[in-house]
Chemist: 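Just passing along the structure, written as structure tokens.
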There are 2 protein chains.
Amino acid sequence: MRKTIILYGVALAALTAILKFIEYRFFVRDLSLEFYLGAVAVLFAGIGVWAGQRLTRRKVVIATPDFKLNDGELQRLGISKREYEVLELMAHGLSNQEIADKLFVSLNTIKTHSSNLFMKLDARRRTQAVRRAKELGLLP
Amino acid sequence: MRKTIILYGVALAALTAILKFIEYRFFVRDLSLEFYLGAVAVLFAGIGVWAGQRLTRRKVVIATPDFKLNDGELQRLGISKREYEVLELMAHGLSNQEIADKLFVSLNTIKTHSSNLFMKLDARRRTQAVRRAKELGLLP
DNA sequence: TTCAAAATCACACTTTCGGCTGATGCGGCC
DNA sequence: GGCCGCATCAGCCGAAAGTGTGATTTTGAA
């Protein structure tokens, strides 16, 4: 987390430098201030969206009408929050790479999580894991 | 969704107006342009975070009730008996090799069947195929 | 603050999947 | 007889998936 925050700081500093540069370019060309401001606004709005997604990725929202998650079973098997997220996406038919992209982590990380899941769910393949999870009331 | 987008548009327009006003206030007070730009950047970054959160909120999906095989759908998609058998075993989490053994045919045969299934079910992976089949009422 | 669990990632490997091409045999059907 | 759909199989290739080991960073709770 600290790492990412520092990263953002650096990124913002770099952007500031770029903006500084662009600023003079724009002014010598007599482009309007409004346009410049608009560009900045749009740019930073985009950055905000991105950063927001990145920073709040931990939240899991699963809502299915008649489904009630079996917390006990989850704990009994020692399945962590992150692992559960992976399990869900797996159940949606996503590939490991897609899951990695969606959760903003590396492919290897997903592989580790899924391996752990297979162990805990006593499965050898993702299809089995998903089936087992449904039987245990871990998935709708 | 459309409503929210329009809402954002209006909000942005209002903000622009406000900025326009603040702009002159700032300039007559001789505050630096850099400061002004920074404020805009921060503000819009914030807006971006907020908007991003709102727009990517997840939706609730309705789960399927009890199972009654959908023959019509099977025929519509042109799924043969053998293919359906493979699909069933696939849904049980078996590997292609295991399916081949169970049906007393070669691995390659299963591969062709599954490939055809993926085509007919518009899926790329077995997990997707199974999911899709369940949605269509082809599997419990 | 300390410590264990959780999360992250790497890298080297093996296995499994899935796409593609092409082939053969069988049973209906016009 | 010729055409078609189905089922069967082969072989190749690249991409995913899964295994095993080891390491670092974050986090949460005591």
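Just so it is clear, the values below take in all heavy atoms, side chains as well, and ignore hydrogens, waters and symmetry mates. Protein chains get the first letters and strands the later ones, always in sequence-line order, with residue 1 at the start of each.
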Chemist: Among D:dG11, C:dT8, C:dC17, which nucleotide has an atom closest to any side-chain atom of B:Asn108?
Modeler: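 For B:Asn108, the side-chain atoms sit closest to D:dG11.
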
Chemist: Within a strict 4.5 Å, meaning less than it, do heavy atoms of the A:Leu136 and A:Leu74 side chains meet?
Modeler: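 No, every pair of side-chain atoms sits at 4.5 Å or beyond.
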
Chemist: Could you tell me whether the side chain of B:His92 reaches within less than 4.5 Å of the side chain of A:Gln128, counting heavy atoms only?
Modeler: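 Not in contact.
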
Chemist: Quiz question: by atom type and distance under 3.5 Å, do the side chains of B:His113 and B:Arg82 form a donor-acceptor pair?
Modeler: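 Side chains of B:His113 and B:Arg82: no pair found under 3.5 Å.
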
Chemist: Are any of B:Ser115's side-chain N or O atoms less than 4.0 Å away from OP1 or OP2 of C:dG19?
Modeler: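 For C:dG19, OP1/OP2 do have a side-chain N/O of B:Ser115 under 4.0 Å.
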
Chemist: So, is B:Thr109 near the phosphate of D:dA7, with a side-chain N or O under 4.0 Å from OP1 or OP2?
Modeler: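 No, B:Thr109 has no side-chain N/O under 4.0 Å of OP1/OP2 on D:dA7.
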
Chemist: Nearest-Å distance, CZ (B:Arg125) to P (D:dA17)?
Modeler: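 These atoms are roughly 6 Å apart.
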
Chemist: What is the separation between atom CD on B:Gln128 and atom C1' on D:dA17, rounded to the nearest whole Å?
Modeler: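 My rounded result for the distance is 15 Å.
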
Chemist: Are B:Leu117 and B:Leu103 connected, step by step, through hydrophobic side chains (Ile, Leu, Val, Met, Phe, Trp, Tyr) whose heavy atoms are closer than 4.5 Å?
Modeler: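 In one cluster: yes.
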
Chemist: Set out, line by line, the N/O atom pairs under 3.5 Å between protein and nucleotides 22-24 of chain D.
Modeler:
none

Chemist: On the nucleotide C:dA10, are OP1 or OP2 found under 4.0 Å from the side-chain N or O atoms that A:Ser106 carries?
Modeler: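 Yes, A:Ser106 has a side-chain N/O under 4.0 Å of OP1/OP2 on C:dA10.
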
Chemist: Does the pair B:Lys102/B:Glu85 count as a salt bridge with the N-to-O cut at 4.0 Å?
Modeler: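 Here B:Lys102 does not pair with B:Glu85 in a salt bridge, since their nearest N and O are not under 4.0 Å apart.
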
Chemist: If you assign each of A:His113 and B:Thr127 to its closest nucleotide in DNA chain C, which residue comes earlier from the 5' end?
Modeler: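 Its nearest nucleotide being more 5', the pick is A:His113.
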
Chemist: Check whether any side-chain N or O of A:Arg124 sits under 4.0 Å from OP1 or OP2 of D:dG18, and answer yes or no.
Modeler: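 For D:dG18, neither OP1 nor OP2 has a side-chain N or O of A:Arg124 closer than 4.0 Å.
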
Chemist: So, are A:Glu98 and B:Arg124 salt-bridged, with charged N and O less than 4.0 Å apart?
Modeler: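 Salt bridge flag = no for B:Arg124 with A:Glu98.
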
Chemist: Using a heavy-atom cut-off of 4.0 Å across all strands, would you classify B:Ser95 as base, sugar-phosphate, or nothing?
Modeler: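 Sugar-phosphate contact only.
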
Chemist: Please determine if a side-chain N or O atom of B:Ser114 lies less than 4.0 Å away from the OP1 or OP2 oxygen of C:dC17.
Modeler: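 Checking B:Ser114 against C:dC17: no side-chain N or O falls below 4.0 Å of OP1 or OP2.
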
Chemist: Measure CE/B:Met119 against C1'/C:dC20 and give the value in whole Å, please.
Modeler: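 From B:Met119 CE to C:dC20 C1': 10 Å.
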
Chemist: Please report, rounded to the nearest Å, how far the C1' atom of C:dT8 is from the CZ atom of A:Phe104.
Modeler: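 Answer to the nearest Å: 16 Å.
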
Chemist: If you check the B:Lys111 side chain, which of C:dC17, D:dA17, D:dC9 turns out closest?
Modeler: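 Ranking C:dC17, D:dA17, D:dC9 by closest atom to the B:Lys111 side chain puts C:dC17 first.
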
Chemist: Could you give the distance from CD1 (A:Ile79) to CD (A:Glu73), rounded to the nearest 0.5 Å?
Modeler: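 Atom-to-atom, A:Ile79:CD1 and A:Glu73:CD are 8.5 Å apart.
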
Chemist: Pairing donors with acceptors under 3.5 angstrom, does anything connect the side chains of A:Thr109 and A:Ser106?
Modeler: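 Short answer, yes.
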
Chemist: So, is B:Asn96 near the phosphate of C:dT16, with a side-chain N or O under 4.0 Å from OP1 or OP2?
Modeler: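 Negative; the distance criterion is not met.
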
Chemist: For A:Leu103 and C:dT8, give me the distance from atom CG to atom P, rounded to whole Å.
Modeler: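 Atom CG in A:Leu103 sits about 8 Å away from atom P in C:dT8.
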
Chemist: Distances under 3.5 Å between protein N/O atoms and the N/O atoms of nucleotides 2-6 of chain C, please, pair by pair.
Modeler:
none

Chemist: For the backbone of A:Gly72 and the side chain of A:Gln75, can you confirm whether one donor and one acceptor N or O come within less than 3.5 Å of each other?
Modeler: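 It does not hold such a pair.
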
Chemist: Rounded at 0.5 Å granularity, tell me how far CD1 in B:Ile99 sits from CG in B:Leu107.
Modeler: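 One gets 10.0 Å once the value is rounded to the nearest 0.5 Å.
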
Chemist: Output the rounded distance in Å from CD1 (B:Ile79) to P (D:dG5).
Modeler: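 Going from B:Ile79 (CD1) to D:dG5 (P), I get 17 Å.
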
Chemist: Let me know the distance between CG of B:Asn116 and P of C:dC17, rounded to the nearest Å.
Modeler: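 Rounding to the nearest Å, CG of B:Asn116 and P of C:dC17 are 17 Å apart.
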
Chemist: Could you state the CG-P distance from A:Asp101 to C:dT8, rounded to the nearest angstrom?
Modeler: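 Roughly 14 Å, once rounded to whole Å.
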
